[in-house]
Number of protein chains: 2
Amino acid sequence: MPQPLPLLSRLTLERAKSSHDHIAALLGMELLKGLYPPGSKLPPEPQIIERFHVSRTVIREVMKTLAAKGFVISKTRVGTRVRERMYWNYFDADVLAWRVRLGFDDEFMHGLVEVRRALEPAAAALAAQRRSAQDVASLRECLKQMSRGGHNRQSFAEADLEFHLVVGNATGNPMMRSAASVIDTALVASFMYSSPVDDPLDYQATVGAHADIVDAIEAGDESAAAEAMRRVIDIGVERIDLTRRMQAKKR
Amino acid sequence: MPQPLPLLSRLTLERAKSSHDHIAALLGMELLKGLYPPGSKLPPEPQIIERFHVSRTVIREVMKTLAAKGFVISKTRVGTRVRERMYWNYFDADVLAWRVRLGFDDEFMHGLVEVRRALEPAAAALAAQRRSAQDVASLRECLKQMSRGGHNRQSFAEADLEFHLVVGNATGNPMMRSAASVIDTALVASFMYSSPVDDPLDYQATVGAHADIVDAIEAGDESAAAEAMRRVIDIGVERIDLTRRMQAKKR
DNA sequence: GATAAGTAATATCATACTATTTTTTGTCGA
DNA sequence: TCGACAAAAAATAGTATGATATTACTTATC
């Protein structure tokens, strides 16, 4: 039987991996950092091989991975060139994981939230429009998981992620599903930074707002579902802003 | 000097390419078609090699590409397994190109439009909030390109795509930029199916609606920009629905 | 049952060879 | 002498092949 899926592990643990994954992440992060500006050429294969002490096979497969994510493009005789940032696929679990590893700065946070505010209320509205009885049952189950006491940051984050994945699924739109999956995984990583479980009031508000979403979806009320989803996102933003201000004061 | 970018060519032409790209597209499309259900295992390497008559190198690089897009995951001794559809990266130029090649059915169209209606008005609003003088100038230039006469489907589609890319760029949000780039490229492929240039009234309405977007962005009016963007999308939807109905009648 | 040996699949390595394009060089004609 | 075209060379990624390493499942052994 297939294993249960490693939900957050990809973003959080990142331990020992294949040399391919290791080097892909390293080069990916260097690209994200802007070490190789768009339009410039990456060093030729032999040089990269030299640098990492691996076989050409590994390097080539890494390049294929980076090319698949829109970062580079290779041409015979010409070399491997970095593409314009516009073509970099930020809607990608690996890319976001690399980005998070680079640091969770304000700019990145806000960009993520902007996308989330655009997509997720729309997803909630679609879910309200098309939800099946099964979807609603799954959401209620998620809610139960979230509201059961005794959560730590990790376990609450997983429950929260699961909730949003189910909403994405209920839209019946594959693109929404895949977007929700990617975005939320990255967002939830922020829970490692500041989490609702640290503050009882925050915790209660978060769970309550999620319950509102379920109610609206069950009732088939699109605009209420979208509105409730917006509230959930905003609560998260406030928490993060608050944490930041407190940390700034401490310094 | 770097070449001008091949905007649509990736989605439309798809000519002779490397065997890697060819096989990646083939397997990617088979996966999209559901030929290998999630959870199942792909045939082992030797069998795939047999099938395509290429070297192991090529097959392995194809697998890395598919893995990078979230379609499969390979493990030593276990084999290559198809992942749940939720993890497939639909926000990807290649994946959308494969999907388009499979056919532009209603369901796909509407899914695309739903995402577009969620993201692009938000992008327009952000652009209105942050636009630079340079952005506005670029948009005006795009508009001029769109409204100059003598367009064929391809050339108008390119001008339209460029417009939306500039809007995405003006948001200053990398995720918005990359999303706009991917989505619009796929959407614009629909212009090969039905284009505003075929009908003078439609053409005029489309250009006019785009002009409204620029005006709103320049004025910094977020909600007007979002609203105008919604109108642009809806005009496109109407055109496509109309084309479909006429084609259905013909049969 | 727990442990160890075997085995089948991908992961990596090493070394060729091929194909494609850019650059250079050479040739011819004006 | 200059310029235009053509042929040759060189550089780089693309493909091919076979060997070894690693890993997780299976079976055998105690």
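Letters go in sequence order (proteins before strands), and every chain restarts at 1.
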D:dG14 OP1/OP2 closer than 4.0 Å to side-chain N/O of A:Arg60
yes
Between D:dA13, D:dA11, D:dT15, which nucleotide gets closest to the side-chain atoms of A:Arg77?
D:dA11
Tell me: CZ of B:Phe52 to P of D:dT15, nearest whole Å?
14 Å
Could you check how far NZ of B:Lys41 sits from P of D:dC25, rounded to whole Å?
9 Å
With the side chain defined as heavy atoms from C-beta on, A:Pro46 is closest, among C:dT12, D:dA13, D:dG14, to D:dA13
Please tell me if A:Ser19 has a side-chain N or O lying less than 4.0 Å from either OP1 or OP2 of C:dT12.
yes
For the residue pair B:Phe191 and B:Phe156, categorise the inter-ring angle as parallel (less than 30°), tilted (30 to 60°) or perpendicular (more than 60°).
parallel
Report the residue (A:His20 or A:Thr76) whose heavy-atom-nearest nucleotide on DNA chain C is the more 5′ of the two.
A:His20
Between atom CD in B:Glu61 and atom C1' in D:dG14, what is the gap in whole Å?
8 Å
Specify the separation, in whole Å, of atom CD of B:Glu45 and atom P of D:dT17.
14 Å
Using a strict cut-off of less than 4.0 Å between a Lys/Arg side-chain nitrogen and an Asp/Glu carboxylate oxygen, indicate whether B:Asp21 and A:Lys64 qualify as a salt bridge.
no
Does a distance-only test, which skips hydrogens and angles, find a donor-acceptor pair under 3.5 Å between the side chain of B:Arg56 and the base of C:dA11?
yes
It should be established whether B:Thr80 places a side-chain nitrogen or oxygen under 4.0 Å from OP1 or OP2 of nucleotide C:dA9.
no
Nucleotide C:dT10, atom C1' - distance to CG of A:Asp21 in whole Å
13 Å
Should the pair A:Glu30-A:Lys33 be classified as a salt bridge under the 4.0 Å nitrogen-to-oxygen rule?
no
Aromatic rings B:His164 and B:His210: how do their planes relate, parallel, tilted or perpendicular, breaks at 30° and 60°?
perpendicular
Let's test your reading of the model: under 3.5 Å, does the base of C:dA11 pair with the side chain of A:Ser18 as donor and acceptor?
no
Do A:Asp105 and A:Arg99 meet the salt-bridge criterion of a basic N to acidic O distance under 4.0 Å?
yes
Can you tell me if B:Ser55 touches the phosphate of D:dT15, counting only side-chain N or O atoms and a distance under 4.0 Å to OP1 or OP2?
no
Rounded to whole angstrom units, what separation is found between the CD1 atom of B:Ile49 and the C1' atom of D:dG18?
12 Å
Indicate, with a heavy-atom threshold strictly under 4.0 Å, whether B:Ser74 touches base, sugar-phosphate, or nothing.
sugar-phosphate
So which one's nearest nucleotide on DNA chain C is more toward 5', B:Pro43 or B:Thr57?
B:Pro43
Separation of D:dA13 atom C1' from A:Ile48 atom CD1, nearest Å, is 12 Å
Protein-nucleotide distance (A:Lys17, atom NZ; C:dT12, atom P), rounded to Å:
12 Å
